[in-house]
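First up is the structure itself, then whatever we jot down about it.
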Amino acid sequence: MTDQPKSPPAANAMWGGRFAAGPDAIMTAINASISFDKRLYAQDIRGSQAHAAMLAATGILTDSDAKAIREGLLTVLSEIEGGTFVFSEALEDIHMNVEARLKELIGEPAGRLHTGRSRNDQAVTDFRLWVRDQCDDAALALQSLQRAFLAQAEAGADWVMPGFTHLQTAQPVTWGHHMMAYVEMLARDVGRFTDARARMNESPLGAAALAGTSFPIDRDMTAKALDFDRPIANSLDAVSDRDFALEFLSAASICAMHLSRFAEELVIWSSAQFRFVTLSDRFTTGSSIMPQKKNPDAAELLRAKIGRILGATVALFTVMKGLPLAYSKDMQEDKEQVFDAADTLMLCLAGMVGMVRDMTANRAALEKAAGAGFSTATDLADWLVRAAGLPFREAHHATGSLVALAERKGCDLHELSLTELQSAHPAITQEVYSVLGVHNSVASRVSYGGTAPAQVRAQVARWKEVLG
């Protein structure tokens, strides 16, 4: 008995009649994106609602078909949000899954929804809407973190601590001044996300596959419906651009780097050698073998997360760097990296807000460390310039010799006698002791942006007004 010929697998209905055989299972696994792009369902349905309304307004779609599509899309949205929607890998992506279910619900009118558009402009519209929302979310989370730093700065505007360069004691600063440095840093992050959002706020919808469409669509109408400022002016650019995702990732990478820098400081400051801060039990863990340990694990993990976000940035740059215009399937690899980076960033921001709010500064330890390491040496040099009229280089040399003397004696500068100070330069008087204390030092730094408590309080007041 001869084998009967087998019927070929059914063609993918969404591809039409071009393909006689269905895709191989491996190709299906490579090609399908529904496992991750299903999180774009709300954006996909919103874009389809705007497109259908425009098709009806321009007479391309009848009012009855537009009504059926509108009601059907609301049903699909309800099913997805209610957890009853069944996603199919065979239908590849969120766009085809939604359209297939819409056809089951309303029949023939569903096939008219795709008039005047392509998956190319549909996909990038969905993604642009999602990334735009992430920019807004990141900016809000950053402002919460700014407020947490601001509260720390206000509480410790006049608490002295060592300022470091090369992680060596440099000059005394205030705790408030150090906290305000991060407020300013995070403000730039807010600005980057805000700027990126403004640039990405143009609509690709209606660019179709790459060349536009012969249907009399109204791209201004769909752009307005989706809260875009305007349609993208070139259809080739509209479907092939992923700058908006790259800008988001770049801003996220810089932001994560800033979080990592403060996380590193928390790791150092909470150590037994520093004891500058105490982290609450909410953000620390113990050791399985050493009962005395209180490990800053949350800070360490936040310090590491920059690797994931920066890795996502490099990955998408690598995907895009060799692509000719317009769309290539490579661009399907744009979403997973961005999704992961956005999720990671939001988790890091929430974690950092919690740590900054909970941490307790050890004022006594900060003040003790502020006076160590000859931190007022620059104040002595500046005094020699102001009071004795020495050129700064000569004052620097004289101060250096006094630091060496204090090192040999095992004392600090303010503990040297007047005679010993005058051995470096006879112009030194008793008045010099007024600048050698750490509190006097920070109080004297009254230049704009300086560490003087008055300056810190002025900056705190300004930022409280900005942040509301």
Please list, chain by chain and in numerical order, all residues satisfying side-chain hydrogen bond (donor to acceptor under 3.5 Å, both in side chains) with [X], sequence neighbours excluded.
{"X": "Asp340", "answer": "Arg308"}
{"X": "Ser250", "answer": "none"}
{"X": "Ser64", "answer": "Thr62"}
{"X": "Trp175", "answer": "Gln152"}

Quick check: does any side chain N or O of [X] sit under 3.5 Å from a backbone N or O of [Y], one acting as donor and the other as acceptor?
{"X": "Ser235", "Y": "Leu210", "answer": "yes"}
{"X": "Asn295", "Y": "Asp297", "answer": "no"}
{"X": "Thr174", "Y": "Thr451", "answer": "yes"}
{"X": "Ser78", "Y": "Leu74", "answer": "no"}
{"X": "Asp121", "Y": "Leu205", "answer": "no"}
{"X": "Ser328", "Y": "Asp330", "answer": "no"}
{"X": "Asp93", "Y": "Ser33", "answer": "no"}
{"X": "Thr318", "Y": "Val314", "answer": "yes"}
{"X": "Glu264", "Y": "Arg303", "answer": "no"}

Closest contact, heavy atoms only, [X] versus [Y]:
{"X": "Ile106", "Y": "Ala68", "result": "CG2-O, 3.5 Å"}
{"X": "Cys348", "Y": "Leu302", "result": "O-CD2, 3.4 Å"}
{"X": "Ala365", "Y": "Phe274", "result": "CB-O, 4.2 Å"}
{"X": "Ala225", "Y": "Ala50", "result": "CB-CB, 3.9 Å"}
{"X": "Val438", "Y": "Pro172", "result": "CG1-CG, 3.8 Å"}
{"X": "Gly116", "Y": "Ala208", "result": "O-CB, 4.4 Å"}

When rounded to the nearest 0.5 angstrom, what distance separates [atom1] in [X] from [atom2] in [Y]?
{"X": "Asp343", "Y": "Lys305", "atom1": "CG", "atom2": "NZ", "result": "10.5 Å"}
{"X": "Leu259", "Y": "Ile254", "atom1": "CG", "atom2": "CD1", "result": "12.0 Å"}
{"X": "Arg132", "Y": "Asn201", "atom1": "CZ", "atom2": "CG", "result": "5.0 Å"}
{"X": "Cys255", "Y": "Leu349", "atom1": "SG", "atom2": "CG", "result": "5.0 Å"}
{"X": "Leu266", "Y": "Phe262", "atom1": "CG", "atom2": "CZ", "result": "4.0 Å"}
{"X": "Leu325", "Y": "Leu236", "atom1": "CG", "atom2": "CG", "result": "6.0 Å"}

Are [X] and [Y] close enough for a salt bridge, meaning some N to O gap below 4.0 Å?
{"X": "Arg119", "Y": "Glu99", "answer": "no"}
{"X": "Arg112", "Y": "Glu108", "answer": "yes"}
{"X": "Asp189", "Y": "Arg192", "answer": "yes"}

Within a reach of under 6.0 Å around [atom1] of [X], are more than 12 heavy atoms found that belong to other residues, nucleotides or ligands?
{"X": "Lys321", "atom1": "NZ", "result": "no"}
{"X": "Arg147", "atom1": "CZ", "result": "yes"}
{"X": "Glu465", "atom1": "CD", "result": "no"}

Task: Asn31 vs Lys329, side-chain contact (heavy atoms from CB on, under 4.5 Å): CA-CA, chis, key distance, verdict - done: CA-CA 9 Å; Asn31 194 48; Lys329 192 71 171 183; 2.9 Å; yes
[Y] and [X], any side-chain heavy atoms less than 4.5 Å apart:
{"X": "Lys335", "Y": "Arg39", "result": "no"}
{"X": "Val98", "Y": "Leu73", "result": "yes"}
{"X": "Val338", "Y": "Leu249", "result": "yes"}
{"X": "Met331", "Y": "Val124", "result": "no"}
{"X": "Thr222", "Y": "Thr125", "result": "no"}
{"X": "Glu154", "Y": "Lys464", "result": "yes"}
{"X": "Ile34", "Y": "Ile94", "result": "yes"}
{"X": "Arg117", "Y": "Thr213", "result": "no"}

Residue pairs, two or more places apart or on separate chains, that pass salt bridge (charged side-chain N to carboxylate O under 4.0 Å, His left out) and touch [range]:
{"range": "residues 232-259", "result": "Arg128-Asp241, Arg199-Glu247, Arg242-Asp334"}
{"range": "residues 344-370", "result": "Arg282-Asp358"}
{"range": "residues 74-90", "result": "Glu79-Arg101"}
{"range": "residues 212-222", "result": "none"}

Open item on the list: Show every ring pair (Phe, Tyr, Trp, His ring centres under 6.0 Å) that has at least one partner inside residues 208-244, sequence neighbours left out.
Closed with: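 Qualifying pairs: Phe127-Phe244.
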- [ ] Mind jotting down which residue pairs meet the ring pair (Phe, Tyr, Trp, His ring centres under 6.0 Å) criterion with at least one end in residues 318-370? Sequence neighbours excluded, please.
- [x] Trp130-Phe339
Open item on the list: Is there a side-chain contact (heavy atoms from CB on, under 4.5 Å) between Leu366 and Val160? Walk through the geometry before answering.
Closed with: CA-CA 6 Å; Leu366 290 169; Val160 291; over 6 Å; no
TODO: Kindly write out the residues that satisfy ring pair (Phe, Tyr, Trp, His ring centres under 6.0 Å) with Phe85, not counting sequence neighbours, or none if the list is empty.
DONE: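 Phe85: ring pair (Phe, Tyr, Trp, His ring centres under 6.0 Å) contacts with Phe87.
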Task: Derivation of the side-chain contact (heavy atoms from CB on, under 4.5 Å) call for Phe193 and Leu345 - done: CA-CA 12 Å; Phe193 284 115; Leu345 180 65; 3.6 Å; yes
Would you list the atom pairs, donor with acceptor, under 3.5 Å between side chains in residues 178-186 and any protein atom, with sequence neighbours excluded?
from	atom 1	to	atom 2	distance (Å)
His178	NE2	Glu265	OE1	2.9
His178	NE2	Glu265	OE2	3.2
Tyr182	OH	Glu265	OE1	2.8
Glu184	OE2	Arg462	NH2	2.9
Glu184	OE2	Trp463	NE1	2.8

Task: Criterion side-chain contact (heavy atoms from CB on, under 4.5 Å) on Ile268 and Leu167, from CA distance to verdict - done: CA-CA 10 Å; Ile268 294 170; Leu167 203 55; 4.3 Å; yes
